[in-house]
Amino acid sequence: MSLLKSYQDIRKRSVEICKPLKTEDYVVQPIVDVSPPKWHLGHTTWFFETFILKPFAFEYQEFDPDFNYVFNSYYETVGARVIRTNRGNLSRPGVDEVYRYRKYVDEAMVKFLEEVNLTEAQKEVMILGFNHEQQHQELLITDIKYILGHNPLFPAYSQSKLIPVLSFETQDLEDENQEIQHPEFISFKEGVYEIGFSGEGFCFDNELNRHKVYVYDFSICNLLVSNKEYLEFIDSGAYQDFRFWHADGLEWVKTNQIEAPMYWHKIDSEWYNYTLSGLQLIQAENPVCHISYYEAAAYASWKKMRLPTEAEWEIAARNLNWGKRWEWTESAYLPYPGFKKAEGAIGEYNGKFMINQMVLRGASEATSPEHSRITYRNFFQPDLRWQFTGIRLAK
Ligand SMILES: [Fe+2]
């Protein structure tokens with residue numbers, strides 16, 4: 001597919017994700033981790049304006065010189081910016097203006113892509129921009145879910161069961177025709193394996209270099225932990241039992257009075273969860289979702305097992321059914337041997353976050369199409385659970 005076609009398709013998808021929103025939904029920031037949808041739409045546009053149009057497009061006129069301050073996320077190289085917690089306080093630029101900004105930049109990008117023969121370096125930045133926007137598409141879905149799912153009225157993102165732009169069902173329904181699968185542990189032999197990206201195509205810098213790892217005999221479950229299994233953990237009183245928790249995890253449980261996954265609500269002694277179609281009864285066989293690392297690790301400990309390391313996960317991936325939940329691993333997010341940061345702002349993309357975060361592997365239902373691979377390293381702080389995160393056991 002041409003770069004132009006990819007550009008147009010990816011940009012269109014972000015707008016389509018926002019179509020069911022009301023204007024007010026675009027603006028709020030209920031917690032620091034959740035950015036207003038309006039900000040995501042502006043920030044992804046800013047990325048192309050800042051890293052393609054301003055340096056490379058002849059005679060390009062910036063849409064608004066003040067937008068760099070508003071839509072720069074974390075790039076120190078590119079200057080000062082609005083602090084993250086204040087993204088939701090920006091009533092201006094308005095939603096209409098942000099859409100005008102997108103249109104203006106899109107027109108300039110189309111002209112640029114039609115008229116210029118891109119160098120290899122420019123192509124690399126373009127493709128990084130595509131992947132960046134796809135990452136923000138997943139954040140748009142998870143942030144919209146948080147905004148609506150924490151509204152006391154629990155409004156649905158959509159009443160229709162399947163929204164074409166999201167490749168998954170918004171209702172948390174079980175597929176009645178699907179055979180119930182039984183968990184099985186797949187064993188792997190002790191030895192030297194290789195992990196990390198190699199070959200053609202795009203990867204993020206944090207997937208490099210491909211390198212050798214030594215692992216001991218291990219086995220890993222073919223399935224993710226289900227809601228039904230997680231309910232047993234809740235019902236056993238494990239949230240109140242210090243034996244299963246890291247010290248930080250127990251502190252987090254107590255401080256925040258956690259007693260179930262995010263979006264779970266007990267109503268008349270039945271568990272419901274908020275889905276993009278509104279509040280629904282928990283579906284027993286579906287993989288549990290919106291789990292923190294602390295909860296994933298405590299669940300594994302309660303089962304007298306553990307979470308896989310990221311190396312184990314990658315070694316086993318071809319034998320696993322993955323892609324529904326981001327799977328917490330036992331691995332801290334650290335550079336691979338030989339990891340190099342790019343020069344300039346792009347070098348700030350991943351490397352500077354390699355502290356105090358855990359690696360998640362796989363992908364989720366909310367991940368953009370063609371944005372997953374077995375070497376992909378996602379990462380979040382251990383208390384965060386607004387992404388579509390789940391649990392896979394290893395031993
Ligand atoms: Fe970003």
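Whatever order the structure lists them in is the order used to number ligands and atoms, beginning at 1.
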Using the six-membered ring of Phe218, assess whether NZ or CZ of Lys395 lies under 6.0 Å from its centre and within 45 degrees of the ring axis. no
So is Arg377 actually on top of Tyr336's ring, under 6.0 Å and inside 45° of the axis? yes
Can you see whether Tyr299 engages Glu229 through a side-chain donor-acceptor pair at a distance of less than 3.5 angstrom? no
State the OG1-NE2 distance between Thr50 and His43, to the nearest 0.5 angstrom. 9.5 Å
Checking Asp106 now: which residues fulfil side chain to side chain contact (heavy atoms under 4.5 Å, CB included) with it, not counting sequence neighbours? Tyr7, Arg11
Which atoms of the protein, restricted to N, O or S, are nearer than 2.8 Å to the Fe ion (ligand 1)? His43 NE2, His132 NE2, His136 NE2
What pair of heavy atoms forms the shortest contact from Trp328 to Pro308, and how long is it? O-CD, 4.4 Å
